[in-house]
Amino acid sequence: MLPGRRPLPPGALGDVAPHGTTIIAMSYAGGVLLAGDRRATMGNLIAQRDMEKVFPADTYSVIGIAGTAGIGLELVRLFRVELEHYEKIEGTSLSLPAKANRLAAMVRDNLGAAIQGLAVVPIFAGYDPAAPDPATAGRLYSYDVTGGPYEEQDFQAVGSGSLFAKSALKKRYRRDVDEAGAVRLAVSALYDAAEDDTATGGPDLARGIFPIVSVVDADGFRQLPEDEVAAVVRSIVDERLDQPGG
């Protein structure tokens, strides 16, 4: 059932399936945050305007996907099932590093498809309830197409707009930022990415389509309500009307 076991026809297949970008991960005082834009592209076309790319993995972790949308969504479903199955069998959940390593193996299983242009690159974040210091209990992991897991510090981004998002965060991020500040930083960085990357979707005020923002802290996973994110977006848009350069 795993993607890596399925034979693919020869040739590059990257333009035949929708691709999703951009995902931002960030740690803040007391938790972690994942945020993603809503656009999926297929070549030069917008395949979907309201795709969801950020999902809960379990109670204390969250996963976001960039790359081939269909394979990414399947990877998320399989990963969530495996975590739930382990918890039911063993009576306890995997440690956060063990979850990150299991996800790495699943990404590596897709290497054959990735070589043909159907790559999926997730980003994984979680909160460790057993950490001695709750303020630093959030951890972030990024991956490459070969399945290499890399623990990140402070923030990370994946997808075609990641370069612009990370450049924005470098100027604004502070380690003592609280949840509200982290949400604003993430939404602002996605706005900057959308200005310079055509595959990253900016906020659509006319249709009411806004980024997905999720946090994980000592109370577990929580996706921010759309109206809360919309208020942050509108505040940032109002600021950009006065200062279009950011």
Side-chain angles (χ1 to χ4, degrees), residues 18-41 46-67 69-70 72-73 76-77 80 122-127 138 140 155-162 164-165 168-169 172-173 177-195 197-241 246:
H19 281 61
T21 59
T22 299
I23 308 295
I24 292 173
M26 187 188 317
S27 61
Y28 62 89
V32 291
L33 173 149
L34 241 69
D37 80 307
R38 307 292 297 277
R39 177 174 291 177
T41 59
I46 296 177
Q48 189 171 353
R49 301 180 187 274
D50 59 351
M51 178 183 171
E52 293 194 20
K53 311 170 192 177
V54 177
F55 308 91
D58 63 4
T59 303
Y60 288 103
S61 60
V62 59
I63 180 173
I65 56 167
L73 293 173
V76 170
R77 289 194 296 267
R80 293 168 67 174
I123 194 162
F124 178 69
Y127 181 89
L140 313 173
F155 60 85
Q156 184 57 274
V158 294
S160 62
S162 60
F164 309 109
L169 290 173
R172 304 167 185 159
Y173 178 81
V177 66
D178 59 9
E179 180 184 310
V183 171
R184 188 172 185 83
L185 283 174
V187 173
S188 182
L190 286 173
Y191 191 104
D192 288 342
E195 286 196 326
D197 174 47
T198 58
T200 303
D204 192 331
L205 300 179
R207 296 181 176 88
I209 300 173
F210 305 103
I212 296 290
V213 182
S214 297
V215 298
V216 187
D217 55 21
D219 296 324
F221 172 89
R222 175 168 49 90
Q223 181 172 309
L224 269 62
E226 188 175 87
D227 58 348
E228 186 175 332
V229 178
V232 175
V233 167
R234 290 192 171 94
S235 173
I236 291 172
V237 170
D238 290 342
E239 288 182 359
R240 298 299 175 96
L241 291 175

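The shown structure was predicted, so the numbers you read here are calculated from the model rather than taken from an experiment. Hydrogens, waters and symmetry mates are skipped; everything else that's a heavy atom, side chains included, is used.
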- Message: Under the criterion salt bridge (Lys or Arg N to Asp or Glu O under 4.0 Å), I'd like the reasoning laid out for Glu239 against Arg234: C-alpha separation, chi angles, the key distance, then a yes or no.
- Response: CA-CA 9 Å; Glu239 288 182 359; Arg234 290 192 171 94; over 6 Å; no
Is a side-chain donor or acceptor of [X] paired with a backbone partner of [Y] at a separation under 3.5 angstrom?
X	Y	value
Ser214	Gln223	no
Ser188	Leu185	no
Arg39	Thr198	yes

Restricting to non-hydrogen atoms, name the atom on [X] and the atom on [Y] that form the minimum distance, rounded to 0.1 Å.
X	Y	result
Ala230	Phe210	CB-CE1, 3.5 Å
Tyr60	Asp219	CE2-C, 4.5 Å
Ala186	Ile24	O-CD1, 3.7 Å
Ala25	Leu34	CB-CD1, 3.4 Å
Gly36	Val54	N-CG2, 3.9 Å
Gly31	Tyr127	CA-CD1, 4.1 Å

Minimum side-chain heavy-atom gap [X]-[Y] below 4.5 Å:
X	Y	answer
Tyr191	Pro203	yes
Ser160	His19	no
Val158	Thr22	no
Val232	Val213	no

- Under the side-chain contact (heavy atoms from CB on, under 4.5 Å) criterion, do Val216 and Arg222 qualify, and how do the steps go? CA-CA 6 Å; Val216 187; Arg222 175 168 49 90; over 6 Å; no
- List the steps, then state whether salt bridge (Lys or Arg N to Asp or Glu O under 4.0 Å) holds for Asp192 with Arg172. CA-CA 12 Å; Asp192 288 342; Arg172 304 167 185 159; 3.0 Å; yes
- Evaluate the side-chain contact (heavy atoms from CB on, under 4.5 Å) criterion for residues Ile65 and Ile23: first the C-alpha distance (whole Å), next the side-chain angles of each, then the deciding distance (0.1 Å), finally the verdict. CA-CA 7 Å; Ile65 56 167; Ile23 308 295; 5.9 Å; no
- Strictly by modelled atom types, are Asp238 and Ser235 linked by a side-chain donor-acceptor pair under 3.5 Å?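 Note: Asp238 and Ser235 side chains miss the donor-acceptor criterion.
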- Query: Among Leu190, Thr200, Asp204, Asp50, whose side-chain contact (heavy atoms from CB on, under 4.5 Å) with Arg38 holds?
  - Reply: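 For Arg38, the side-chain contact (heavy atoms from CB on, under 4.5 Å) check succeeds only for Asp50.
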- Query: Taking it one step at a time, do Leu140 and Phe124 satisfy side-chain contact (heavy atoms from CB on, under 4.5 Å)?
  - Reply: CA-CA 6 Å; Leu140 313 173; Phe124 178 69; over 6 Å; no
- Query: Could you give the distance from OG1 (Thr41) to CZ (Arg49), rounded to the nearest 0.5 Å?
  - Reply: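 The CZ atom of Arg49 is 12.0 Å from OG1 of Thr41, to the nearest 0.5 Å.
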- Item | Distance (rounded to the nearest 0.5 Å) between Asp178 CG and Tyr28 OH |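 Here the rounded value is 9.0 Å.
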- Yes or no on side-chain contact (heavy atoms from CB on, under 4.5 Å) for Ile63 and Ile123, after CA distance, side-chain angles and deciding distance? CA-CA 6 Å; Ile63 180 173; Ile123 194 162; over 6 Å; no
